[in-house]
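Shown next, in structure tokens, is the structure this report addresses.
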Amino acid sequence: MPEGLEAELYAGAAAQLVGHQIISIDVDDRCADSMQLATLIGRDIIGVKRHGKRVALVIDGAQLELYFAMTGRLIVNGVAPIPALEYGPSTERKEWDRLVMTTSKGSLRVNDPRRWARFTLDPDWSMLGIDLMADACDLQKALGEHRHRTVSVKALLLDQRVIAGLGNMLADEILFGSDIDPRRQFSSLTDDEFERLSQQISLTVSELGARGGSHKGALHPGLRTARAQCPLDGAPLQRVTLAGRTAIFCSQHQR
DNA sequence: CGGCATGTTTCGCC
DNA sequence: AGGCGAAACATGCC
């Protein structure tokens, strides 16, 4: 999915439906409780909110979370803010529609081949950490509460309870930009490294946000697959598995 | 055809 | 008890 930056695009698109009344909801039963969602019919969409990678339609008296997992795409009024996801399918099939909502003046659907998308009524977001787009000082403060943790830095960045919205690519970009090896224990960072990392989060998030997405960084998808070289110093890029995900980093300048 | 993919939750094991 | 790593989930693509 969509990391936080992409979720922001989805939230913006969904906002087109604010002020509309929900006319119908058609949902894949494996992705949601269709009986619950049926209670939303006839009610008004009064807002949209996002925290981390999570997006929710604020409905008169309820909230409906749209969770996209890795391959869920949002289409609002027939237009997809992200036409094709990295690592997603190259085509779109009708049977991959997991949620189809029609409103008084528009429509919204979520298309997800992998069927990991989830639609939850009145979701509990209390476990989510600070949003990735928060103020840099607040991000640093939030990170500081975990300085004793022995997990790898990469795993910590991916932990949604610490910072909500960072995904695999953003985390790699942040570590690349702060010259830190993703395998390092978070607790082993020096004060200088900790500060560098904290600052880099906001830099990376705003820069890639301006460029259009998590896939627009130095370690863009083209470099993630093949044996590639560091765009900064030409050293070979390394691939390791951390926290169940592939981490890409430069063997030369990330220490 | 085997392996891998912008992710979260669950299950064991320290 | 709490924290960590690996597996599970489902399916398309290279």
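Please read these numbers as outputs of a predicted model, since none were measured by experiment. All chains are named by letter (A, B, ...) in the order of the sequence lines, taking the proteins before the strands, and each is independently numbered beginning at 1.
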Residues forming a side chain to side chain contact (heavy atoms under 4.5 Å, CB included) with A/Thr190, sequence neighbours excluded: A/Asp192, A/Glu193
Classify every nucleotide of nucleotides 9-14 of chain B by which part a protein heavy atom approaches to under 4.0 Å, writing B for the base, S for the sugar-phosphate alone and - for neither, in 5'-to-3' order. ------
Considering only heavy atoms of chain A and a distance under 4.0 Å, specify the first and last nucleotide of DNA chain C in 5' to 3' order that meet this criterion. C/dC4 to C/dC13
Non-neighbouring partners of A/Asp112 that pass salt bridge (Lys or Arg N to Asp or Glu O under 4.0 Å), sequence neighbours left out: none
Does A/Phe68 have its ring centroid less than 6.0 Å away from the ring centroid of A/Tyr10? yes
Those residues that, when tested against A/Ser24, pass side-chain hydrogen bond (donor to acceptor under 3.5 Å, both in side chains) (two or more places apart): A/Thr102
Only pairs at least two apart or in different chains count here, so list each ring-ring contact (aromatic ring centres under 6.0 Å, His included) that has a residue in residues 155-176 of chain A. A/Phe176-A/His253
How long is the gap from CD on A/Gln199 to CZ on A/Phe194, to the nearest 0.5 Å? 9.5 Å
All side-chain hydrogen bond (donor to acceptor under 3.5 Å, both in side chains) counterparts of A/Thr91, not counting sequence neighbours: none
Pairs under 3.5 Å (Watson-Crick or G-U), crossing ones as [ ], inter-strand ones as |: DNA chain B comes out as .||||.||||||||
Do any of residues 159-173 of chain A sit with a heavy atom less than 4.0 Å from DNA chain B, and if so which? A/Gln160, A/Gly167, A/Asn168, A/Met169
Side chain to side chain contact (heavy atoms under 4.5 Å, CB included) with A/Glu92: which residues, sequence neighbours excluded? A/Arg73, A/Ile75, A/Arg109, A/Asn111
Quick test of your reading: applying salt bridge (Lys or Arg N to Asp or Glu O under 4.0 Å), list the pairs with at least one residue in residues 8-17 of chain A, sequence neighbours left out, ordered by first then second residue. A/Glu8-A/Arg50
With rounding to whole Å, what would you report as the distance between B/dC11 and C/dA10 at their P atoms? 15 Å
Enumerate the residues from residues 110-124 of chain A whose closest heavy atom to DNA chain B is under 4.0 Å, giving them by residue number; use none for an empty result. A/Arg114, A/Trp116
